[in-house]
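Below is one structure, written out as structure tokens; the observations come after it.
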2 protein chains.
Amino acid sequence: MKPNKSVPTIQDVAREAGVSPSTVSNVLNQRSRQTSKETRERILEVARQLNYQPNAMAAALRRRSTRTIGVIVTTILNPFYTAIVRGFQDAARQHGYSTILGNSDDDPGQEREMLNTLRAKQVDGIVIVTTGGCHDTIQQVRDLGVPIVMVDRGDPGLNIDSVAVDNTRAAEAAVGYLVGLGHRRIAIISGLTSGVPTRAHRLQGYLRGLQAAGLDAPESSQQIMSTSIENGSLAAGRLLDLPDRPMAIMATNNLLSIGVVQEIRRRGLQMPRDVSFVMFDDPEWACLHSPGITTVAQPIQEIGARAFALLEGRIQKTRTGDAEAVVLPTTLVMRGSCGAPPKL
Amino acid sequence: MKPNKSVPTIQDVAREAGVSPSTVSNVLNQRSRQTSKETRERILEVARQLNYQPNAMAAALRRRSTRTIGVIVTTILNPFYTAIVRGFQDAARQHGYSTILGNSDDDPGQEREMLNTLRAKQVDGIVIVTTGGCHDTIQQVRDLGVPIVMVDRGDPGLNIDSVAVDNTRAAEAAVGYLVGLGHRRIAIISGLTSGVPTRAHRLQGYLRGLQAAGLDAPESSQQIMSTSIENGSLAAGRLLDLPDRPMAIMATNNLLSIGVVQEIRRRGLQMPRDVSFVMFDDPEWACLHSPGITTVAQPIQEIGARAFALLEGRIQKTRTGDAEAVVLPTTLVMRGSCGAPPKL
DNA sequence: TTGAAAGCGGTACCAT
DNA sequence: ATGGTACCGCTTTCAA
């Protein structure tokens, strides 16, 4: 254990190679300046020998660019967001960017705190799944010159680049699919829609789908509650207790969906014999369940990749002007949980 | 859109408040130095008004501490690692640290690259789930004075702090449980053990468990192959085709486990009627499956929290000297997938 | 083809 | 109780 051999600096390399720091800097960064082959090789050799690693802090301070991007999601415990993050990170790393990752836990306070931390750390850009609760801070940071891209949840009024899927159409399509199978009483279980456009859009798509098919949308078949496994079970229970029991249920949130699946099993009912079921996102367990669960899948990795592309454009200033709103299509993954409705 | 209002610096605050930068720095960092109430309040007010945020780069450069920690895992697409990361991040954030997150994809090359990036970024410490393929780099970075904690997979020969669970005992206990249920032919499906102590330990525990019960451990009931869903199915198929079909199967990896579950279902067999099954880690789908799957659960969030505690100790130098190896116990979560063996 | 030197924005020591 | 100022390690003109 040899502590504090003191980390070598560019000065050390320069001295050891008998040149000036400027020359070392130029060689190591492969900048345009011409350097004689011998000098270059000597420098490279010395750097390798000293196990020299440039201090990115110092470089960033001077260059005013950290080659680091901040990413804020609600929680990486949700595989959906993890996948987005991964898609983004892969794209970012390929272009030489690191990422600082933060969770907001869907709490505007934490989101604001993260935003300020990222600003302090001088990130070159920020990708955020916003809670919707601190648009003021987002604006501030953006006005300070930090490019921002909103992911999964955008906001038309904010003039900030965004990447999201077309949730309205996705929900509408799912309803259409159920209608096509012969269902008429189709229920929805959704998280609270206030401030979360994603959820509002899905609900809207659901209603549109019903309307397009000329079906009723009674209040009783719309269970809107905060997202948790327990509430999913609760909602499913309420629906299944209805005198006019729905033939099919659509859940627009992962946690709620888990609750639904559990409640259906708990009652000894089977999909799709007793009730059809379709859910959003496409978690690992959807295909492990028996029967497999039909889902509305999002092009997750692409969302991340597109988000990076947008951000990169702003960072490099190859793209300026008004915000761009990328809307990606979803895919209906048909598995065994949906079928013809039970005969009456 | 008002670009480049030019970010305010400590100089701006100082000028505006009619004091020197030193005073501002002292006030904003709540350092010991005495400052008159008026001055302090004036400074705070001006800072707020200018929406001033200190440049963490500059501070880090001077203070030689970034209050940032690097985290390297194999992949955040695996919820097991995500949970560890989250546990770690929560602890870290509470103590004022941000985290830079990187994936190695179980590739030593990428791991090395990440390590060097983190070094360049002057992180105060590193937490790593190592591939085992670049201990040299890890040593180097550590010798340069960067505290490192190894998580999930340690290495006795490296004198580096580590946090892991007692995989040997966990596997042994699981086998003991199966034996207690009356099973005699107990098979294992494991990932390749070379260079991955975790897996080797689980295999070892399996063998010990059998030995303790006086049972044979024929080669044919030990399926060792690279981890993938397909291989899980393949391995399960081989076992189920055996003339002396195993009464119980233990899988020590998540992907392999998925394959096993699928293969069992594909053959129209049922757990635990036809075969009992126990697996490692406790993914979300284990309890959603019907029947619920018995698992060896790890105290995931605690692993992360303990890792931070170890690292923090090194960073603050409140702990010096030899490496510490924290070993946490696992829990056997009994669900429906294990039962008495089929009568012959 | 190379070197000297002025910063980047804070921090912390030494004065006053 | 406060100010002056030399750094931290690198980049980047400008000069040679």
Side-chain angles (χ1 to χ4, degrees), chain A residues 4 6-44 46-47 50-68 117 119-124 144-145, chain B residues 4 6-44 46-47 50-68 117 119-124 144-145:
Chain A
N4 298 24
S6 87
V7 187
T9 74
I10 200 173
Q11 310 278 352
D12 299 326
V13 179
R15 192 175 340 99
E16 203 76 13
V19 296
S20 77
S22 356
T23 308
V24 177
S25 175
N26 274 289
V27 169
L28 260 34
N29 292 290
Q30 325 199 52
R31 248 184 294 278
S32 53
R33 189 207 265 214
Q34 296 301 315
T35 312
S36 76
K37 184 160 223 157
E38 329 159 14
T39 319
R40 177 176 30 256
E41 281 175 356
R42 189 147 31 90
I43 291 174
L44 256 20
V46 170
L50 295 183
N51 187 19
Y52 169 71
Q53 181 80 233
N55 182 328
M57 289 293 137
L61 185 57
R62 181 64 232 245
R63 196 168 8 191
R64 303 173 145 278
S65 151
T66 53
R67 297 210 71 90
T68 301
T117 304
R119 160 139 100 93
K121 302 232 179 212
Q122 313 294 121
V123 293
D124 292 351
L144 246 21
Chain B
N4 298 22
S6 87
V7 187
T9 75
I10 200 173
Q11 309 280 351
D12 299 326
V13 178
R15 192 176 341 99
E16 202 75 13
V19 297
S20 77
S22 356
T23 307
V24 177
S25 175
N26 273 288
V27 169
L28 259 34
N29 292 290
Q30 323 201 51
R31 249 184 294 277
S32 52
R33 189 207 268 215
Q34 296 300 314
T35 312
S36 78
K37 186 161 224 155
E38 328 159 17
T39 320
R40 176 173 34 256
E41 283 176 353
R42 190 149 29 93
I43 291 175
L44 257 19
V46 170
L50 294 182
N51 187 18
Y52 170 71
Q53 183 78 234
N55 183 327
M57 289 294 136
L61 185 58
R62 183 64 233 244
R63 194 170 10 192
R64 304 175 143 275
S65 151
T66 53
R67 297 209 71 91
T68 301
T117 303
R119 159 140 100 91
K121 302 233 178 210
Q122 313 294 118
V123 293
D124 291 350
L144 246 19

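Chain A is the first sequence line, chain B the second, and so forth, proteins listed ahead of strands; every chain is numbered from 1. Heavy atoms only: backbone and side chains are in, while hydrogens, waters and symmetry mates are out.
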No-H, no-angle donor-acceptor pair, A/R63 side chain to D/dG9 base, under 3.5 Å: no
B/N55 and A/R119: side chain donor to acceptor below 3.5 Å: no
Earlier contact from the 5' end, DNA chain C, for B/N29 and A/R42: A/R42
Closest nucleotide among C/dG10, D/dG3, C/dT2 to the B/R62 side chain: C/dG10
B/R33 side chain, from C-beta outward: closest of D/dT2, C/dG9, D/dC10: D/dT2
Under-3.5 Å donor-acceptor pair between B/R64 side chain and D/dC8 base: no
Under 4.0 angstrom between B/S20 side-chain N/O and D/dG4 OP1 or OP2: no
Side chains of A/S25 and A/S22, donor plus acceptor under 3.5 Å: no
Minimum-distance nucleotide to B/T9 side chain [options: C/dG3, C/dC13, C/dG9]: C/dG9
Below 4.0 Å: OP1/OP2 of C/dT1 and any side-chain N or O of A/T23: no
Heavy-atom donor-acceptor pair, B/S22 side-chain to D/dG4 base, under 3.5 Å: yes
Distance in angstrom units between A/N26 CG and C/dT2 P, rounded: 10 Å
A/Y52 side-chain proximity, nearest of D/dC10, D/dT13, C/dG9: D/dC10
